[in-house]
Amino acid sequence: MRTARRVSQLLFFLLFLYLFFEAVYPYEVALPADLFLRASPLAAVASILASRAFVSTVVLGLVILALSIPLGRFFCGWICPLGTVLDATDRWFKRPRRKVGQRESTRLRSWKYALLVAILAGSFLSVQFAGYFDPISVITRAFTAVLLPLLTKVADTFVSLLGRVSFLENITFSAYNRLQEVGFPTQQPLVRGSFLILVLFLVILVLGKWSRRFWCRNLCPLGALLGFVGQHRLTHRTVSTACTDCGVCQLMCRMNAIEDGYRITRTSECIECMQCVDICPEGAISYRLGLPASSSHKGVDLDRRRVLGSLAGGTLAAAALSVGFVGRESSSSKLRPPGALVESEFLDRCVRCLECVRICSSTGACLQPALLERGVAGFWTPVADMRHGYCEYNCNLCGQVCPTGAITRLSVEDKQKVVMGTAYFDRSRCIPWYRNEDCLVCEEHCPIPEKAIRLEQRPVQLPSGETRLVKFPYVVEDLCIGCGICVTKCPVEGQPGIFVTTAREERFTARGEKVRKEEVPAYGR
Amino acid sequence: MRRRDFLRAIAGSALAAALLPEESAARFLRPADVPADLAVARNGEPAQLVQAAVEALGGMSRFVSRGDIVVVKPNIGWDRLPEQAANTNPEVVAEVVRLCYQAGAKKVLVFDHTSNRAQRCYLRSGIQAAAKEAGAEVSFVHEQKFRNVEIREGVELKSWPFYKDVLEADVLINVPIAKHHSMARLTVGLKNIMGVIGGDRGAIHNHFARKIVDLNTVVKPKLTLVDGYRILRANGPQGGSPRDVQLLKTVVASTDRVAADAYAATWFGLGPQDLDYLVEAHRRGLGEIDFRKLKIREIDLGS
C-alpha cells in the first residue's frame with residue numbers, strides 16, 4: 001500500500017511540475033495549467049463564500065471536498081504536491097529520538113482549525129486570506145517566484161560557462177535553444193518580493209525539524225477542512241488481535257494520528273499514507289471499508305472556546321484589514337490584468353497563487369505580485385509593473401489560467417479591446433519634449449494598429465538660435481488601452497518619459513459584462 | 001570564394017559553353033547575362049521572386065561558397081502574422097535558405113533580436129517553421145553571445161555589442177521587409193541590422209542616422225534581399241491593420257545595401273535623398289544612393 005501511495009504522490013507531483021512548466025506561451029494544451037489550484041477545496045470554498053456566487057472553475061475542488069467525506073484526508077497523503085515535498089524534505093532533519101510510547105505533543109494541531117475558521121470568517125466578510133495559506137497556492141507561488149528564476153539563472157550560468165569552451169559551444173547553445181523552444185524562459189523571470197516568498201516557504205520546510213509534516217499537522221487550513229469533513233470517513237484503520245502493543249505504528253506515524261493504546265485513529269489527522277499497515281511487524285493493521293465504529297476512531301478535537309475565539313479573531317482581522325488605507329497614487333499606477341473583475345470582486349476571488357504572474361513571465365512579463373500598493377488586503381494580488389514588462393497585445397493567457405475567475409477568460413480579440421488604463425507623457429523626461437531631439441521608441445512599439453501614440457512635427461527654436469524640426473509624441477486617449485509597452489521600452493534612464501494610470505480602466509462583472517470604473521457604484525471599495 | 005572553387009567554376013562554365021548547343025551557348029554568353037548588381041523581380045510568389053532576383057545577380061554561388069557558414073537575417077521583430085507585413089515573409093526567408101544550401105553552404109543560421117517576446121515572434125511570423133523546414137538552424141538570441149565590438153569608423157558610437165554568430169559568419173545575407181517607420185520614415189536593410197546588436201537599443205533612436213550607419217560599418221552583408229511581397233505603408237513598424245498592407249509581389253536583391261534600400265524607398269513615393277540615414281550611408285561610402293547607376297535587371301514573372 002505504501003508503494004502505491006508513493007507512486008501516486010510521485011505521479012501527482014510530476015503532473016504538478018508538468019502543468020507548471022506547461023503554463024507558457026503559446027499554451028495550447030490538453031490539461032489546464034491551473035488544474036491543481038482548481039482542485040483545492042479550500043480555494044473553492046473560500047472563493048465561493050467570498051463572492052457569494054457559484055464559481056464554475058472550482059468544481060473539481062468541490063468534488064474533492066465531497067470525496068473527502070467518505071475517504072478522509074486522502075488528498076493530503078496521496079495528491080497534495082506540498083505534502084509530497086514535505087515528505088521528501090522531512091528526511092533531511094534529525095529529530096530527537098523517542099522511545100516507544102513516548103508520543104509527540106498534539107497541542108498545536110488545533111491551530112489549523114483556528115486558522116481555517118478565521119479564514120472562512122474573513123472570506124465571508126470579503127477579506128480573502130485563504131490564498132496565503134492554501135498549500136497549492138503556497139507551492140505555486142514558491143515555484144513561480146523562486147524556483148523558476150533560480151532554474152533560469154543556473155541554466156544561464158552553465159550556458160555561459162560551457163559556451164566559452166569552444167568545442168562545447170555549439171552543442172551547449174543548441175541544447176539551450178531546444179529547451180527554450182519548448183517553453184523555457186528566454187529572459188529570466190523575476191518576481192518582486194520573491195525573497196519573502198522564499199523565506200516563508202523555507203519556514204514551512206524547516207518546521208520539519210520539530211516533527212514530520214509539521215505544516216500538515218498543525219497549520220494547513222486545507223488539511224483542517226478535509227479533516228473536518230472527513231472525520232466520519234468510511235475507511236478504517238483496523239487493528240487485529242495479532243497486535244502485540246509494540247507501538248511502532250504510533251512512533252512512526254507522520255501525522256501523529258494514532259492514539260495511545262494504538263487501536264484508535266484520529267480520522268481528522270490521518271492522511272491514509274498506509275505506512276502503519278506496511279511497517280507493523282505482526283501484520284496486524286489493515287484498512288477496511290465500512291461504517292465508522294466509534295470504538296476505533298476519534299474525530300476533530302475542537303474545543304468550543306478556540307472555535308469561537310478564532311471566529312472572533314478572523315472577524316476582527318477582516319474588519320481591521322477592510323479599513324486598510326489604499327493609496328490613490330500607488331493603486332492607480334499599478335494596473336490590474338486585463339479582464340480583472342471589479343476590484344471588490346477581484347479581491348474576493350483572487351487566491352494569490354501567482355499562476356497569472358507565472359504565465360505572464362513567458363509573454364509580456366508585466367504581472368507582479370503587489371506588495372502594499374493595493375492595500376494590505378491586496379497583498380500578493382497581481383498588478384502590472386509596466387517598467388519591467390508590458391501587457392502583450394496579442395496575449396490573453398492570464399485569464400486562461402486563473403483558477404477562480406478573478407481574471408475573466410477572454411478571447412484575444414476581446415482582450416485587445418479591454419482598457420487597462422491610459423498612458424500619459426511626462427514632458428519633463430520625454431526626450432523630444434525636454435531635449436528637442438527625436439526619439440519615438442514609444443510610438444514604434446505601440447501595438448494599436450491605428451497607433452494610440454502619434455507624432456506631431458513642429459519647428460522648434462533652440463537656445464542656440466537654430467530652428468529644428470522635432471517630432472513630438474502624444475497619446476490618442478480614445479485608442480490607448482494602457483498596455484504599457486511604451487513605458488517598458490522608453491529609453492530614458494530610471495523614471496520613464498511616459499507612464500500609465502488606471503484612468504478609463506475597464507473591469508468585468510462576475511457575469512462577464514464589461515464596465516467602466518465610473519459605471520460601478522461601489523467600485524474599488 | 002576559394003581558389004579551387006573559382007577554378008572549378010571557370011572550368012565548368014567553359015565546358016558547359018563548349019558542350020551546349022549553339023543557340024543556348026550564345027544566350028549563355030550574351031552580354032546581358034553578365035550578372036546584375038541590382039535585380040527586381042515582380043508579380044510572382046515569394047519563392048519564385050527570390051529565385052528570379054538571385055538568379056539575375058548571378059545565382060547564390062556568387063555570394064555563398066561551398067562550406068560557408070551563412071547568416072540569413074530576416075526581420076522577426078514583432079508578434080505579427082505574415083499577412084500583417086510586420087516581419088519578413090516566411091517563404092522568402094525559406095527560399096533564401098534553400099538557395100544557400102544549394103550553393104553549398106555548410107550551415108545557415110536564422111535569428112533576430114526581437115522587440116516582442118522572441119518565442120511569440122518566431123512562432124507567429126511563421127519564420128521559425130518555414131526556415132527550419134528549409135534546413136536552417138533557427139535559434140533565439142542568447143545574451144551570452146553578444147561581444148563588444150570597437151567601431152573604428154564610428155561617429156556617434158565608438159563600440160557596441162554585436163552578436164557573435166554574425167561576427168563569425170562567412171556570409172551575411174540581409175533579408176529585410178520594407179515598412180513604414182515614423183522616425184526613420186522607412187525601415188529596410190540598414191535598419192534591419194539593429195536585429196544583430198545587443199545593448200540598449202532604444203538609445204539608437206536619437207541621432208539615428210549617424211548611429212545606424214555606425215553600426216552598419218561593422219557588419220557588411222554580401223547580399224541584401226528586400227522582401228516587397230507585402231509592404232507596410234503606414235503605422236509601421238508593427239502595423240496590424242490589413243488597410244496598411246499592400247500586396248506588391250516584388251523582391252529586390254542587390255550587392256549594394258544602400259542601393260537596395262534606396263530602391264525600396266520608391267515604393268513609398270520617397271526619393272533616396274528623403275532618408276537621411278541613406279544620405280549619411282552614401283556619404284560615408286557604404287553604397288550607392290542613386291541606384292540607377294547600378295547594373296539593374298528587372299524580371300516580370302507575371303504573364
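In this text, all values refer to a predicted model and were calculated from it rather than measured experimentally. Quick note on labels: first sequence line is chain A, next is B, and so on, each numbered from 1.
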J.: Which region of Q128(B), side chain (C-beta onward) or backbone (N, CA, C, O), has a non-hydrogen atom less than 4.5 Å from a non-hydrogen atom of chain A, or is it both or neither?
T.: side chain
J.: Looking at I431(A), T186(A), D156(A), which one has more heavy-atom pairs under 4.5 Å with chain B than the rest?
T.: T186(A)
J.: I'd like to know which of D438(A), L440(A), T488(A), T363(A) tops the heavy-atom pair count under 4.5 Å against chain B.
T.: T363(A)
J.: With a 4.5 Å limit on heavy-atom distance, are the side chains of T144(A) and F20(A) in contact?
T.: yes
J.: Checking V141(B) against chain A: side chain, backbone, both or neither under 4.5 Å from a heavy atom?
T.: neither
J.: Under 6.0 Å between ring centres, would you say that holds for Y277(B) and H207(B)?
T.: no
J.: Are any of the side-chain heavy atoms of I289(B) and Q273(B) separated by less than 4.5 Å?
T.: yes
J.: Please look at D200(B) and chain A and tell me whether the side chain, the backbone, both or neither of the residue comes under 4.5 angstrom of a heavy atom of that chain.
T.: side chain
J.: Side chain from CB out, backbone as N, CA, C, O: work out which of these in C446(A) comes under 4.5 Å of a heavy atom of chain B, or both, or neither.
T.: backbone
J.: Chain A heavy atoms under 4.5 Å from R243(B): which part of the residue, side chain, backbone, both or neither?
T.: side chain
J.: Is it the case that the ring center of H142(B) lies less than 6.0 angstrom away from the ring center of Y176(A)?
T.: yes
J.: With side chains defined as the heavy atoms from C-beta onward, is the minimum distance between E168(B) and K145(B) less than 4.5 Å?
T.: no
J.: Measure the shortest side-chain to side-chain distance between H282(B) and E280(B) over non-hydrogen atoms and say whether it is less than 4.5 angstrom.
T.: no
J.: Give, for atom CZ of F184(A) and atom CZ of R178(A), the distance between the pair rounded to the nearest 0.5 Å.
T.: 14.0 Å
J.: Measure distances from E444(A) to the heavy atoms of chain B and classify the residue's part below 4.5 Å as side chain, backbone, both or neither.
T.: both
J.: Checking heavy atoms, do the side chain of R435(A), its backbone, both or neither come under 4.5 Å from chain B?
T.: side chain
J.: Is E450(A) close to chain B through its backbone or its side chain, or both, or neither, when contacts mean heavy atoms under 4.5 Å?
T.: both
J.: Would you mind checking which part of E437(A) comes under 4.5 Å of any heavy atom in chain B, side chain (CB onward), backbone (N, CA, C, O), both or neither?
T.: side chain
J.: Among S174(A), G183(A), C395(A), who wins on heavy-atom pairs under 4.5 Å with chain B?
T.: C395(A)
J.: Using heavy-atom distances under 4.5 Å, tell me whether S362(A) contacts chain B through its side chain, its backbone, both, or neither.
T.: backbone
J.: Before we go on, tell me: are the rings of F111(B) and F140(B) under 6.0 Å apart, centre to centre?
T.: no
J.: Which one wins on heavy-atom pair count under 4.5 Å against chain B: Q457(A), E443(A), R454(A)?
T.: E443(A)
J.: When rounded to the nearest 0.5 angstrom, what is the spacing between CD1 in I231(B) and NE2 in H180(B)?
T.: 12.0 Å
J.: So for K179(B), is it side chain, backbone, both, or neither that comes closer than 4.5 Å to the heavy atoms of chain A?
T.: neither
J.: Tell me which of these, G240(B), S115(B), A234(B), S182(B), has more heavy-atom pairs under 4.5 Å with chain A than the rest.
T.: S182(B)
J.: Taking the six-membered ring for Trp and the full ring for Phe, Tyr or His, determine whether the centres of W78(B) and H445(A) are under 6.0 Å apart.
T.: yes
J.: Heavy-atom pairs under 4.5 Å with chain A - which of R117(B), H205(B), H181(B), R124(B) has more of them than the others?
T.: R117(B)
J.: What part of F173(A) is in contact with chain B, defined as an atom under 4.5 angstrom from a non-hydrogen atom: side chain, backbone, both or neither?
T.: both
J.: Pick whichever of N235(B), L123(B), I204(B), V138(B) has the most heavy-atom pairs under 4.5 Å with chain A.
T.: N235(B)
J.: At a heavy-atom separation under 4.5 Å, does P447(A) approach chain B through its side chain, its backbone, both, or neither?
T.: both
J.: Apply the test salt bridge (Lys or Arg N to Asp or Glu O under 4.0 Å) to residues K417(A) and E413(A): give CA-CA distance (whole Å), side-chain angles for both, the deciding distance (0.1 Å), then the verdict.
T.: CA-CA 7 Å; K417(A) 295 186 196 100; E413(A) 292 71 32; over 6 Å; no
J.: Highest number of heavy-atom pairs under 4.5 Å with chain A: which of Q144(B), R80(B), M183(B)?
T.: Q144(B)
J.: Looking only at heavy atoms and a cut-off of under 4.5 Å, which of V492(A), N394(A), L455(A), V159(A) has the most pairs with chain B?
T.: N394(A)
J.: Going through the distances and angles, do I151(B) and T217(B) end up as a side chain to side chain contact (heavy atoms under 4.5 Å, CB included)?
T.: CA-CA 7 Å; I151(B) 307 178; T217(B) 61; 3.6 Å; yes
J.: Evaluate the side-chain proximity of P432(A) to P473(A): yes if any heavy-atom separation is below 4.5 Å, no if none is.
T.: yes
